[in-house]
Amino acid sequence: MTFREARGESGAATVLVVAMAGVLMFVMVGLAAVGGLVTAQRRAQAAADLAALGGASALAGVRGSADACAAAARVAGANAAALDACTPDGRTVRVTVSVDGPDVPWREVRVSAEARAGPG
């Protein structure tokens with residue numbers, strides 16, 4: 001092997017390392033997005049559970065169903081969530097809340113969760 005033949009392959013490892021670094025960055029960005037979605041879903045479910053409990057405890061009082069949804073909205077707001085739906089049904093309350101998802105430059109991401117609470 002002469003000096004000329006060896007010189008033709010110089011820098012090949014650098015190109016491979018740069019390509020692999022690009023693939024690794026792409027995978028890391030994807031994992032970060034998935035992690036953000038999982039975190040947002042957990043926050044949404046916790047807020048939905050707490051809002052349903054707040055609505056059910058208000059419904060157990062003598063104030064009525066309108067106050068149950070108002071209590072659920074207050075609890076959801078205190079947990080950085082928006083109350084999307086509230087349905088009192090007898091002595092139970094079903095709520096749907098949503099929270100902001102991870103920041104994505106090309107669209108707004110909202111994650112929602114549903115919960116029901118009541119006696120029995």
Side-chain angles (χ1 to χ4, degrees):
M1 178 158 92
T2 65
F3 178 71
R4 249 179 188 212
E5 291 172 2
R7 190 171 167 206
E9 293 182 7
S10 68
T14 304
V15 172
L16 181 63
V17 167
V18 169
M20 293 306 285
V23 169
L24 183 62
M25 278 184 53
F26 182 73
V27 169
M28 293 303 288
V29 167
L31 288 175
V34 169
L37 282 173
V38 169
T39 302
Q41 198 282 326
R42 300 286 169 107
R43 285 187 309 130
Q45 190 61 56
D49 292 341
L50 291 171
L53 287 172
S57 65
L59 191 60
V62 293
R63 296 183 188 132
S65 63
D67 191 51
C69 289
R74 280 193 306 274
V75 172
N79 287 285
L83 183 67
D84 296 334
C86 177
T87 309
D89 183 25
R91 294 174 26 175
T92 63
V93 175
R94 181 178 299 273
V95 297
T96 303
V97 302
S98 62
V99 298
D100 290 330
D103 291 333
V104 179
W106 56 88
R107 67 180 277 186
E108 179 182 340
V109 178
R110 301 256 332 143
V111 178
S112 63
E114 186 176 311
R116 181 182 65 88

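The stretch residues 77-87 participates, sequence neighbours left out, in these side-chain hydrogen bond (donor to acceptor under 3.5 Å, both in side chains) pairs: Asp84-Ser98. Applying the side-chain hydrogen bond (donor to acceptor under 3.5 Å, both in side chains) definition to pairs two or more places apart or across chains, none involves residues 15-33.
Nearest approach of Val111 to Gly101, heavy atoms of both residues: CG2-CA, 4.2 Å. Nearest heavy-atom pair across Gly118 and Thr92 is CA-CG2, 3.9 Å. Taking both residues in full, the closest heavy atoms of Val93 and Cys86 are given as CG1-SG, 4.0 Å, listed atom of the first, atom of the second, then distance.
Applying the side-chain hydrogen bond (donor to acceptor under 3.5 Å, both in side chains) test to Asp89 and every residue at least two apart in sequence or in another chain returns nothing. Contacts of Arg43 classified as side-chain hydrogen bond (donor to acceptor under 3.5 Å, both in side chains), with partners at least two apart in sequence or in another chain: none. Every side-chain hydrogen bond (donor to acceptor under 3.5 Å, both in side chains) that Glu114 has, sequence neighbours left out, goes to Arg94. A search for salt bridge (Lys or Arg N to Asp or Glu O under 4.0 Å) contacts involving Arg110 returns Asp100, not counting sequence neighbours.
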Output side-chain donor-acceptor pairs under 3.5 Å for residues 49-59, partner residues at least two apart or in another chain, one line each.
| from | atom 1 | to | atom 2 | distance (Å) |
| --- | --- | --- | --- | --- |
| Asp49 | OD1 | Gln45 | NE2 | 3.0 |
| Ser57 | OG | Leu53 | O | 3.3 |
| Ser57 | OG | Gly54 | O | 3.0 |

May I have the list of side-chain donor-acceptor pairs in residues 18-40 shorter than 3.5 Å, sequence neighbours left out?
| from | atom 1 | to | atom 2 | distance (Å) |
| --- | --- | --- | --- | --- |
| Thr39 | OG1 | Gly35 | O | 2.9 |

